[in-house]
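Single-structure report; data block below.
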Amino acid sequence: MHAITNFSHDLDVQLLSSGVKFLPWVGARYGSFCGRCSFLILGESHYSKWDGEDHQLPKLFTRTCIEEDVCGRCSDGDHRFWKNLERALLGKERADSGWCADGGRPLWDQLAFYNFLTQALSVPGHRPTKLQFRDSQAPFESVLQALRPQRVLVCGKDLWNRGMGRTVAHLHDDIQAYTLREGSHAWCLSVRHPSRWLPSHELISAFIDNPERAANLLRNGPRD
């Protein structure tokens, strides 16, 4: 199997000890998105019930999902979340398979992905509790400090409004930043959930180039 993370075993152990339950996907060329950017995509949750059965999800579940479903271009299931993400990131239309022709491994090798909630929900439509969001904040910040992303795409307004906290810089209600240990900023852009909406490629491109430019786009009207 392809090496699905450039993390060391020791760093994985560190994240698990900090409360992370599902280790993040880190592409083999993470830090090179658009030729220069360390880009983290933040989802909300995994789901533990399918085919009528409850499943115990392993710590590598996030990595397995991307390796098998996204990089493997899985034809079973809807996968709208991943397909819309690829369209938004690449600015490309889907092929007959529903996946973008330029997506898959070449794209995801440049990205990192982490699901915010440390506890899986049962099925789509079940909403996290306030306690689940609160308990997931410290593990998320551990991932943030470990990956040191320049940009974070936050998938879902509910996640943004209920889960995110302790930002230190504000350009727009949907564009804020965390401070990393070395003093740099990890800028975050919130978009509506890609399973139901197609985020704006124009907005994401502007955000990667300059968060202030993306904030100006948002001030002139909704573009996500």
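Treat the numbers as computed from the prediction; the structure is a model and nothing was measured. Along the sequence shown, residues are numbered consecutively beginning with 1.
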Contact check, side chains of [X] and [Y], non-hydrogen atoms, under 4.5 Å:
X: Phe81; Y: His193; answer: yes
X: Pro149; Y: Phe39; answer: no
X: Phe133; Y: Leu117; answer: yes

Hey, is the main chain of [Y] close enough, under 3.5 Å, to the side chain of [X] for a donor-acceptor pair?
X: Ser136; Y: Thr118; result: yes
X: Thr64; Y: Leu60; result: yes
X: His185; Y: Trp187; result: no
X: Gln119; Y: Gln132; result: no
X: Ser195; Y: Arg80; result: no
X: Trp197; Y: Asn84; result: no
X: Gln137; Y: Gly163; result: yes

Might you point out which heavy atoms bring [X] and [Y] nearest each other, and give the distance in Å?
X: Cys37; Y: Arg151; result: SG-CG, 3.5 Å
X: Arg219; Y: Glu212; result: NH1-OE2, 3.1 Å
X: Leu57; Y: His46; result: CD1-CB, 3.7 Å
X: Gln110; Y: Ser32; result: OE1-O, 3.3 Å
X: Pro24; Y: Leu15; result: CD-CD1, 4.0 Å
X: Arg127; Y: Asp158; result: NH2-OD2, 2.6 Å

Could you give the distance from [atom1] ([X]) to [atom2] ([Y]), rounded to the nearest 0.5 Å?
X: Lys21; Y: Lys59; atom1: NZ; atom2: NZ; value: 11.5 Å
X: Asn115; Y: Glu44; atom1: CG; atom2: CD; value: 8.0 Å
X: Leu159; Y: Leu42; atom1: CG; atom2: CG; value: 5.0 Å
X: Asp174; Y: Phe207; atom1: CG; atom2: CZ; value: 11.0 Å
X: Arg87; Y: Asp102; atom1: CZ; atom2: CG; value: 13.5 Å
X: Trp25; Y: Thr62; atom1: CH2; atom2: OG1; value: 11.0 Å

> So which pairs with a foot in residues 153-182 pass ring pair (Phe, Tyr, Trp, His ring centres under 6.0 Å), sequence neighbours left out?
Replying inline: Phe140-Tyr178
>> Applying side chain to side chain contact (heavy atoms under 4.5 Å, CB included) to Lys157 and Ser190, what does each step give before you reach the verdict?
In response: CA-CA 6 Å; Lys157 299 292 187 179; Ser190 165; 3.3 Å; yes
> What do the steps show when you test Leu85 against Cys155 for side chain to side chain contact (heavy atoms under 4.5 Å, CB included), and what is the final call?
Replying inline: CA-CA 9 Å; Leu85 270 178; Cys155 298; 4.0 Å; yes
>> Counting only heavy atoms not in Gln56 (residues, nucleotides, ligands), do more than 12 fall under 6.0 Å from its CD?
In response: no
>> Using side chain to side chain contact (heavy atoms under 4.5 Å, CB included), reason through Cys188 and Gln176 one step at a time and then give a plain yes or no.
In response: CA-CA 5 Å; Cys188 302; Gln176 300 178 35; 5.5 Å; no
> Passes side chain to side chain contact (heavy atoms under 4.5 Å, CB included), Cys71 versus Ile66? Steps please.
Replying inline: CA-CA 6 Å; Cys71 294; Ile66 295 178; 4.2 Å; yes
Carboxylate-amine/guanidinium contact [X] [Y], below 4.0 Å:
X: Asp78; Y: Lys83; result: no
X: Arg73; Y: Glu86; result: yes
X: Glu202; Y: Arg213; result: no

>> Going by side-chain contact (heavy atoms from CB on, under 4.5 Å), Leu189 matches just one of Leu153, Ile208, Val154, Val152. Which one?
In response: Leu153
> How are the rings of Phe113 and Trp82 set relative to one another: parallel (under 30°), tilted (30 to 60°) or perpendicular (over 60°)?
Replying inline: tilted
